[in-house]
**Q** 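One structure, pasted below without further comment.
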2 protein chains.
Amino acid sequence: MSPRSSILSTADARRPLVAASAVTAFARGGYHGTTIAVVARDSGISPAYVSKLFPTKERLFVAALEECMTRVVEALERGADAASSQDPDVVLDAMGDAYAHLIADRALLMLQVHAQSVADVPEIGAALRAGLESVTTFAKSRSGASDAAVQRFMAYGQLCHLIVTAGIEQIPAHWATLLSDGITHPG
Amino acid sequence: MSPRSSILSTADARRPLVAASAVTAFARGGYHGTTIAVVARDSGISPAYVSKLFPTKERLFVAALEECMTRVVEALERGADAASSQDPDVVLDAMGDAYAHLIADRALLMLQVHAQSVADVPEIGAALRAGLESVTTFAKSRSGASDAAVQRFMAYGQLCHLIVTAGIEQIPAHWATLLSDGITHPG
DNA sequence: CATATGAGTGACTGTACACTCACTCACCCC
DNA sequence: GGGGTGAGTGAGTGTACAGTCACTCATATG
């Protein structure tokens with residue numbers, strides 16, 4: 001243990017930390033709207049080193065997205081484990097609540113929306129599909145719900161994304177409450 | 001450019017044409033990923049003149065989004081008019097089919113996804129909310145369906161956006177068909 | 001014809017950004 | 001203590017792009 005200001009780490013140890021910073025940074029500005037310099041600042045390292053850890057911006061975004069989708073599945077898992085019964089609809093509901101709780105800070109939600117926006121970049125599209133596959137298959141197999149119920153689960157998840165990104169939950173008009181009704185918000 | 005080939009028009013007549021080009025251009029690359037020069041080329045005018053017609057890129061995007069949302073409502077209207085009965089659920093279904101037909105070329109769909117992505121830009125967020133308000137209120141009032149049915153209509157619309165942007169419809173796996181099932185695709 | 005008005009542009013400016021490279025320095029093993 | 005390996009950076013480079021401006025020219029009217 002050197003008492004020195006040894007901030008040295010291994011590249012392999014640093015990469016996931018940078019990916020975690022990238023999640024919040026890209027969530028804020030999207031793919032094109034976020035610079036490597038911002039991710040570097042959030043990570044406490046130089047832009048040059050970010051580029052060394054992730055050879056292209058695209059790869060950095062993919063790493064962030066993978067991190068994001070992993071956290072989503074973990075949240076669903078925790079929700080399912082905490083369900084009051086193992087009835088498929090109850091489990092699915094519990095997953096929905098867990099998801100709503102997870103995205104209270106908006107970062108994981110926004111990143112998914114941004115990813116949709118640039119899914120035509122092949123590597124990003126592939127990562128998005130992989131993430132959706134794990135979410136969907138997990139929701140289906142863990143809950144044991146019908147295909148239709150899982151589809152509905154995902155559909156209302158997407159509606160939730162729209163409500164948050166567009167800021168609909170703060171609108172008092174009837175059309176807005178109609179959309180938000182029953183969608184669990186962050187406190 | 002040779003003065004012969006230039007066809008003079010009024011700025012007010014040209015603006016909507018440029019907005020229409022902007023719809024497809026922004027749909028392709030999103031807000032940050034699309035340059036004014038691209039819109040200019042698609043419109044057959046110079047970048048400088050695009051900037052004269054729309055003083056900022058932001059305003060240009062807003063114009064495109066407004067055009068987009070207007071076309072969506074018009075499509076819903078046509079769908080409702082073509083419904084086989086005036087039963088609320090039937091009308092809503094007909095609107096869904098009309099929407100699916102409208103977004104066959106993906107441009108109007110992609111633009112909405114891109115708009116979500118940059119909805120934190122105040123003017124764009126406002127335009128998005130305005131568009132969603134007109135879609136939602138129209139769907140509700142024209143169909144006469146329950147709030148819950150309209151909410152479901154919108155939720156599955158969002159799921160449709162996800163399916164198309166992520167390219168899920170081409171995946172033969174079960175998780176993918178589960179999501180796409182019953183969502184009308186373009187031929 | 002003379003002059004005004006407005007459409008439309010070429011050339012430019014300032015800036016921002018992804019990525020590179022030569023380099024420094026910390027740590028480890030002898 | 002000396003040399004090798006890899007962490008980490010400062011200073012660039014090339015490029016792309018939003019917005020500006022002085023200008024040309026077409027048309028309209030007296």
Side-chain angles (χ1 to χ4, degrees), chain A residues 1-22 25-65 114 117-118 121-124, chain B residues 1-22 25-65 114 117-118 121-124:
Chain A
M1 250 311 152
S2 77
R4 299 244 174 278
S5 60
S6 78
I7 37 177
L8 284 189
S9 173
T10 69
D12 284 346
R14 179 86 69 183
R15 238 182 300 262
L17 301 178
V18 175
S21 295
F26 280 124
R28 228 178 298 132
Y31 180 67
H32 293 290
T34 301
T35 67
I36 288 182
V38 167
V39 176
R41 187 154 30 77
D42 288 5
S43 304
I45 61 177
S46 70
Y49 194 38
V50 172
S51 285
K52 193 171 273 186
L53 292 174
F54 295 93
T56 64
K57 188 182 179 182
E58 193 180 309
R59 291 272 268 265
L60 179 58
F61 187 89
V62 167
L65 183 57
H114 291 312
S117 203
V118 285
V121 177
E123 290 226 39
I124 296 178
Chain B
M1 284 273 161
S2 98
R4 293 237 179 272
S5 65
S6 75
I7 301 152
L8 286 188
S9 172
T10 68
D12 284 346
R14 178 91 61 187
R15 237 181 301 261
L17 300 179
V18 174
S21 295
F26 280 123
R28 228 178 298 132
Y31 180 66
H32 293 290
T34 302
T35 66
I36 289 181
V38 168
V39 176
R41 187 155 31 76
D42 288 4
S43 304
I45 61 177
S46 70
Y49 194 37
V50 172
S51 286
K52 192 172 275 185
L53 293 174
F54 296 93
T56 64
K57 189 183 178 181
E58 194 180 308
R59 292 273 267 264
L60 178 58
F61 188 88
V62 167
L65 184 56
H114 291 312
S117 202
V118 285
V121 177
E123 290 226 41
I124 295 177

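In the text below, chain A, chain B and the rest are named by the order of the sequence lines, each starting its count at 1.
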**Q** Please give, in whole Å, the distance from D/dG19 C1' to B/E58 CD?
**A**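 To the nearest whole Å, that distance equals 14 Å.
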**Q** Any N or O donor-acceptor pair linking the side chain of B/K52 to the base of C/dG8 at under 3.5 Å?
**A**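 Side chain to base: pair present.
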**Q** C/dA18 C1' sits how many Å from A/R59 CZ, rounded?
**A**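 My rounded result for the distance is 16 Å.
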**Q** From the options D/dG19, D/dT9, C/dG8, select the nucleotide whose nearest atom is closest to the side chain of B/S51.
**A**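 Per side-chain heavy atoms of B/S51, the pick is D/dG19.
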**Q** Taking for each residue the nucleotide of DNA chain C bearing the nearest heavy atom, is the 5' side occupied by B/S46 or by A/F54?
**A**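 Final value for this comparison: B/S46.
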**Q** Is it the case that atom CZ in B/R59 sees more than 12 heavy atoms from other parts of the structure closer than 6.0 Å?
**A**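 Atom CZ in B/R59 is not crowded, with 12 or fewer foreign heavy atoms closer than 6.0 Å.
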**Q** The side chain of A/T35 lies closest to which of these nucleotides: C/dC17, D/dG19, D/dA7?
**A**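 So the nucleotide nearest the side chain must be C/dC17.
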**Q** Consider the side chain of B/A48, meaning its heavy atoms from C-beta on, and name the nucleotide among D/dT9, C/dT9, C/dC19 that approaches it most closely.
**A**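 Minimum distance to the B/A48 side chain belongs to C/dT9.
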**Q** Do B/K52 and B/I45 make a side-chain contact, defined as non-hydrogen atoms from C-beta onward lying under 4.5 Å apart?
**A**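 No; the side chains remain at least 4.5 Å from each other.
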**Q** Over how many whole Å does the gap from B/L60 atom CG to D/dC17 atom P extend?
**A**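 My rounded result for the distance is 15 Å.
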**Q** Whole-Å distance between C/dA16 C1' and B/H32 NE2?
**A**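 So the two atoms are 13 Å apart, to the nearest Å.
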**Q** Nearest to the side chain of B/S9 - D/dG8, D/dA18, C/dG8?
**A**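 Of the options given, the side chain of B/S9 lies nearest C/dG8.
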**Q** I need the minimum non-hydrogen distance between B/L53 and B/R15, along with the two atoms involved.
**A**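 Minimum heavy-atom separation between B/L53 and B/R15: O-NH1, 3.0 Å.
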**Q** So which atom in A/R14 and which in A/S9 form the shortest heavy-atom distance, rounded to 0.1 Å?
**A**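 For A/R14 and A/S9, the tightest heavy-atom pair comes out as NH2-CB, 4.0 Å.
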**Q** Can you identify which nucleotide, out of C/dT9, D/dG19, C/dC19, has its nearest atom closest to the B/I45 side chain?
**A**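 Among the listed nucleotides, the one closest to the side chain of B/I45 is C/dT9.
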**Q** If I take atom CG in residue A/L53 and atom P in nucleotide C/dA18, what distance separates them, rounded to the nearest angstrom?
**A**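 Between P of C/dA18 and CG of A/L53: 16 Å.
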**Q** On a heavy-atom basis, which atom in A/K57 and which in A/T34 lie closest, and how many Å separate them?
**A**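 Residues A/K57 and A/T34, closest heavy atoms: NZ-O, 2.9 Å.
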**Q** Can you check the A/R15 CZ to D/dG8 C1' distance for me, whole Å?
**A**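 It works out to 14 Å between those atoms.
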**Q** Which pair of non-hydrogen atoms, one from B/S43 and one from B/V18, has the smallest distance, and what is that distance?
**A**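 It is OG-CA, 3.7 Å.
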**Q** Ring pair (Phe, Tyr, Trp, His ring centres under 6.0 Å) with B/F61: which residues, sequence neighbours excluded?
**A**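 Checked B/F61 against ring pair (Phe, Tyr, Trp, His ring centres under 6.0 Å); matches are B/F26, B/Y31.
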**Q** Rounded to the nearest angstrom, tell me the gap between atom OH in A/Y49 and atom P in C/dT20.
**A**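 Going from OH in A/Y49 over to P in C/dT20 covers 16 Å.
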**Q** Name the nucleic acid region contacted by B/T34, choosing base, sugar-phosphate or nothing; use a 4.0 angstrom heavy-atom cut-off, strictly under.
**A**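 Sugar-phosphate contact only - B/T34 comes under 4.0 Å of backbone atoms but never of a base.
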**Q** Please tell me which of the listed nucleotides, D/dA18, D/dG8, D/dA7, lies nearest to the side chain of A/A11?
**A**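 The answer is D/dA7.
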**Q** Quantified as the angle between the terminal helix axes (five pairs each), what is the overall bend of the helix from C/dC1-D/dG30 to C/dC30-D/dG1 to 10 degrees?
**A**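 If I round to tens, the end axes sit 10° apart.
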**Q** Would you mind reading off the distance between B/R41 atom CZ and D/dA16 atom C1', rounded to a whole angstrom?
**A**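 Spelled out: CZ on B/R41 to C1' on D/dA16 is 14 Å.
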